[in-house]
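Here the structure comes first, spelled out in structure tokens, and everything after it is commentary.
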Amino acid sequence: MFESIAETISKLSFLLSRLCLWISSIGIVAITAIIFWQVIARYIFNASPSWSEQLALYLLVWTVLFAAAAGVREQFHIHITVFQNGLNKTRLPTIIFTHLVTASAGLTLAIYGTKLVSRLWQYPIPSLGLPRGSAFLPLPLAGALICFFAIEHIIANSRNEKVIPAWR
Amino acid sequence: NSNQPALIAADALSADYPTVAALTFMTDRLREKTDGRIKTEIYSGAQLGAERDTLEISMFGGIDFNRVNLAPLNPIAKSTIVPSLPFVFRSIPHMRAAMDGAPGQKILASLAEHDLIGLCFYDSGARSFYNTIKPIRTPDDLKGMKIRVQNSNLYVAMVEALGANATPMSFSEVYQSLVQGVIDGAENNWPSYENTRHFEAARYYSLTQHLMTPEILVMSARRWKMMSDNDRELVMESARESVPFMRQIWDARVNSAMEVVKKSGVEIIETIDKDPFIKCMQPVYDRFLTPNLRELMEEIQDMESADV
Amino acid sequence: MALTLLLLALAIFLVAGVPISFALLSASVLTLVYLDIAPVIAVQQLAAGINVFSLMAIPFFIFAGDLMYRSGIAEKLLQVADAALGRLQGGLGQVDVGASMLFGAVSGSSIASVSALGSSLMPAMQEKGYDKDYAVNVTCCAAILGVIIPPSHNMIIYAASSGLGISIGDLFLAGIFPGIIAGIALAITAWIIARKRNYPKGVFPGWPAFLKASIIALPGLFTAVIIVVGILGGVFTPTESSAVAIVYTLIVAAFVYRTLTPTTFALACRGAVQTTAIVMMIIGSAAVFGWLLALLHAPTQLAQLVMSISDNPTLVMLMVILVLLILGTFMDMAPLIIITTPIFLPMMMELGVDPVHFGIVLILTLGIGLVTPPVGSVLFVGAAIGDIKIEETVKTIWPFYLALIAALLLTAYIPSLTLFLPSVFQ
Ligand code: NA
Ligand code: NA
């Protein structure tokens, strides 16, 4: 029973991590295209579009947050391991503690991000016409993913296993 | 009770700016009136974030007093669009009378449904165009110029209606862009034109005075709800008292900025016929004014006694 | 009490091995809860910290640099540099110092400089036998000189925060000599370390071969020309130049060198979003942390401490530098300039220090803060791109810190280094 749940979790997380990579990659390409268009537009039409800068920033938050969530799973975030490595008996509990802290940060983003999104949904972002709340939408989504990925690591660690990287 | 933590006040402008002085005056009065019970710490210079951010934090009750420009409030409370429109006010005295009077009260009251309590309006002077190329006297002179505007549909529409090319750009990139020719000009009031040193780069300042949008002081509804009726009245009173104080130092600030700029040899175009500029503004009014807002604008423009 | 909680929680999380970004975020959330302030601020400030237009140059330059590396453009550029300076031991270190300084100067952003050069130059240097930590240390330390070599938007922020109407032209001129001195100090340090580690000494291939390598590298070299001429000539802003650089690199890789494949493009995307996520998450979390530091008056408290200790100008200058170094370790540059200028400048002027001189000292000191942990965004970008642990870079970066601090002390105590050029042009 527990085995199959763990297996399902790891399959799901593999797919989610891949999905994050796709979202972020499309995001960075789109942002580049938008800002390049801003330069071209200024010289061809002699005017900068008023939406380009805002839209690029809007997409940047999505790009960063989803890649950052995957970073929890793929463990590419910068952390200091020198003290951890010096530990012996308490090394595993320490590692689990770090994942717990990360999971709680993700949970905070998920809970309070949802609050922010729902409270600010009714207001528009002037130059885009999109709801202001949607600018914060990647935060609760990525927060939930961060929490999920951190828990996956806790499970894997306590079973003496490793999470298989999805960003290869 | 005197041990309760200080309230938090945020202002994005630097510590020596008149709005911060007014905020200091207001919170000092509040402390005196309550015998030291209600203390406030002031965070100037955007220490707690840009205006849009502090405003949102205030809506959630994380900041108690917040002085902001009207622009970040435009998408939140529609009524704030009216005093943000070009050529709504004929003069600074007209603007002051309107904001002190019934129209201003209506706007302050409209904030309540957005978890904000509107306290009072402060001056922000009149914004005029400056550029690196030539004196601007008519809308025709603006044709084809690349003018930096604040990133808002309203200001983009305004500059485009005048025939110039609007270039929305973050404030920190403006000086460099003027020097290197990415843009030809921008627009701002006397103190900002001087303080940002943009007058070093853009040597023509044309007093078009197209915008006289005031600043606003708001309070978080969360804190307001925690206060007694008596304390609320004291807050309102202190805010009202800070307005004439603010105007006095604002005027002094404008004069000193004017002196610095004039001394540096900038060409200042003082007499400008505003009518051709106002004529260009019709599409802007049509786009941004709902029937309700148009009513408010007419109410402001029908105020007669205020003219100098 | 709240400040202690904030710093202690951060220290514990960092030592335990929590990723830096989540350590900053979690310590901040704990403190917000303790202060009974809505934790929603943490989420809001995290987004606001990422939502800065000038920061967009980071992902762009990382992307462009990664593309240049994967499509072989960087390799071809390096061959030219190697041929030119090859006879000098560790010549590529010198190339790195020069290129990073120049790039930081023109783009006005140290992070952008590390992003661009780090992702193109560092991997190529490693292939030539240079250690990872060396490449990261040299690139990061040289890149921060961009903050005082004009043009520099930090000086505009300083001038505005001073409220004195300091001429930006004067500040730009004043930064030139200190920038050059610091650059020379770094170059010497890089050379000494290269000799000690016995880095390769190339052979000059002879003029015909050198010329041929240069011609082959010409389209790649042109990227730099586009950026420099484009920014200085007013065609686009530094942030925009980074997007233009990506598109130009794509065109060169696809049509000139024909090295662009769907796989290289996908790999470059992955590399770019990975590094961007690491760095921007730290910057965003640091914004939350910085919000709390400002709320708890940490900068003001430290400043008051300094002012209460002494009124000897030499000593006060030294202490101000120390305080700025400490603050620079935790907070980012722009907010620190805005907060500390009105605190320190009046005091320094009372002691007879020229505001232009002090501005350069302040900005250079805070610039050094960009490469010092725990919050040193430039060092983080470098380490992320160089694929190396922070603690490994810090172990070997100290000679470069010493070089920077020597240059800083010269700048602080010899006013004519800053004030000479502005006086000539007056
Ligand atoms: Na620079
Ligand atoms: Na630092």
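Every chain is numbered from 1 and lettered A, B, ... according to where its sequence line falls, protein lines coming before strand lines. Keep in mind that what you see is a predicted model, and the values were worked out from it rather than measured.
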Handout entry: Contact origin within C:Val29 toward chain A - heavy atom pairs under 4.5 Å
Key = side chain

Handout entry: Heavy-atom proximity to chain C below 4.5 Å, by part of A:Thr32
Key = both

Practice task
Begin with the C-alpha distance, continue with both residues' side-chain angles, and end with the deciding distance and a verdict on side-chain contact (heavy atoms from CB on, under 4.5 Å) for C:Val247 and C:Ile251.
Solution key: CA-CA 6 Å; C:Val247 176; C:Ile251 292 170; 4.1 Å; yes

Handout entry: A:Gln38/A:Glu53 under side chain to side chain donor-acceptor pair (under 3.5 Å): CA gap, chis, key distance, verdict
Key = CA-CA 8 Å; A:Gln38 174 174 301; A:Glu53 194 178 308; 4.8 Å; no

Problem - Salt bridge A:Arg42-C:Glu240, side-chain N to carboxylate O under 4.0 Å - result: yes

Exercise for the section: Below 4.5 Å from any heavy atom of chain C, which atoms of A:Ala33 appear? Answer side chain, backbone, both or neither. Expected result: neither

Practice task
Give the member of C:Ile20, C:Val40, C:Val52, C:Leu46 that has the highest number of heavy-atom pairs under 4.5 Å with chain A.
Solution key: C:Val40

Problem - Contact origin within A:Leu120 toward chain C - heavy atom pairs under 4.5 Å - result: neither

Exercise for the section: Let me know if A:Phe66 has heavy atoms under 4.5 Å from chain C in its side chain, its backbone, both or neither. Expected result: neither

Fill in the blank from the handout: So, the part of C:Ala42 with a heavy atom under 4.5 Å from chain A: the answer is neither

Problem - Portion of C:Phe60 that has a non-hydrogen atom of chain A nearer than 4.5 angstrom - result: side chain

Practice task
Flag yes if more than 12 heavy atoms outside A:Tyr112 fall under 6.0 Å of its OH atom; otherwise flag no.
Solution key: no

Practice task
Show your reasoning for whether side-chain contact (heavy atoms from CB on, under 4.5 Å) applies to C:Thr249 and C:Met68.
Solution key: CA-CA 7 Å; C:Thr249 307; C:Met68 286 179 83; 3.5 Å; yes

Handout entry: Over 12 non-hydrogen atoms of neighbours within 6.0 angstrom of CH2 in A:Trp121
Key = yes

Could you tabulate the donor-acceptor pairs under 3.5 Å formed by side-chain atoms of residues 31-39 of chain C, not counting sequence neighbours?
unit_1: C:Thr31; atom_1: OG1; unit_2: C:Ala27; atom_2: O; d: 2.8

Handout entry: Side chain / backbone / both / neither for C:Phe380 at chain A, heavy atoms under 4.5 Å
Key = both

Practice task
Against chain A, label C:Val15 side chain, backbone, both or neither, depending on which of its atoms sit under 4.5 Å from a heavy atom there.
Solution key: both

Problem - Structural part of C:Leu25 lying under 4.5 Å from a heavy atom of chain A - result: side chain

Handout entry: Residues in residues 135-144 of chain A that sit under 4.5 Å from chain C, counting heavy atoms only
Key = A:Phe136, A:Leu139

Handout entry: Minimum heavy-atom distance between A:Ser17 and A:Glu74, given as atom pair plus value
Key = OG-OE2, 2.6 Å

Handout entry: Proximity breakdown for A:Arg119 and chain C, heavy-atom pairs closer than 4.5 Å
Key = neither

Practice task
Pick one of side chain, backbone, both or neither for C:Ile246, based on which atoms fall under 4.5 Å of a heavy atom in chain A.
Solution key: side chain

Fill in the blank from the handout: From the list A:Ile26, A:Val61, A:Leu109, the residue making the most non-hydrogen contacts under 4.5 Å with chain C is A:Leu109

Handout entry: Region of A:Ile146 that comes under 4.5 Å of a non-hydrogen atom in chain C
Key = side chain

Practice task
Determine yes or no for a side-chain-to-main-chain donor-acceptor pair under 3.5 angstrom, with A:Arg73 supplying the side chain and A:His153 the backbone.
Solution key: no

Practice task
Say whether, by atom type as modelled, one donor and one acceptor occur between the side chain of C:Arg70 and the main chain of C:Thr263 under 3.5 angstrom.
Solution key: no

Practice task
Kindly give the heavy-atom pair with the smallest separation between A:His77 and C:Pro19, and that separation in Å.
Solution key: CB-CB, 3.6 Å

Handout entry: Main-chain N/O of A:Trp22 paired with A:Ser25 side-chain donor or acceptor, under 3.5 Å
Key = no

Problem - Nearest heavy-atom neighbours spanning A:Val101 and C:Ser26 - result: CG1-OG, 3.3 Å

Exercise for the section: Using a heavy-atom cutoff of under 4.5 Å, enumerate the residues of residues 92-100 of chain A that contact chain C, numbered in order, or state 'none'. Expected result: A:Thr94, A:Phe97, A:Thr98

Problem - Minimum-distance pair of heavy atoms, taken over all atoms of A:Ile125 and A:Pro131 - result: CD1-O, 3.9 Å

Side-chain donor-acceptor contacts of residues 267-284 of chain C below 3.5 Å, not counting sequence neighbours, with atom names and distances?
unit_1: C:Arg270; atom_1: NH1; unit_2: A:Trp167; atom_2: O; d: 3.3
unit_1: C:Arg270; atom_1: NH1; unit_2: A:Arg168; atom_2: O; d: 3.1
unit_1: C:Thr275; atom_1: OG1; unit_2: C:Gly271; atom_2: O; d: 2.9
unit_1: C:Thr276; atom_1: OG1; unit_2: C:Ala272; atom_2: O; d: 2.6

Exercise for the section: Using a 4.5 Å cut-off on heavy atoms from C-beta on, say whether the side chain of C:Ile226 contacts that of C:Phe236. Expected result: yes

Practice task
Output yes when a side-chain donor or acceptor of A:Ser118 lies under 3.5 Å from a complementary backbone atom of A:Lys115, and no otherwise.
Solution key: yes

Practice task
Name the region of C:Val235, side chain, backbone, both or neither, that has any atom closer than 4.5 Å to a heavy atom of chain A.
Solution key: both

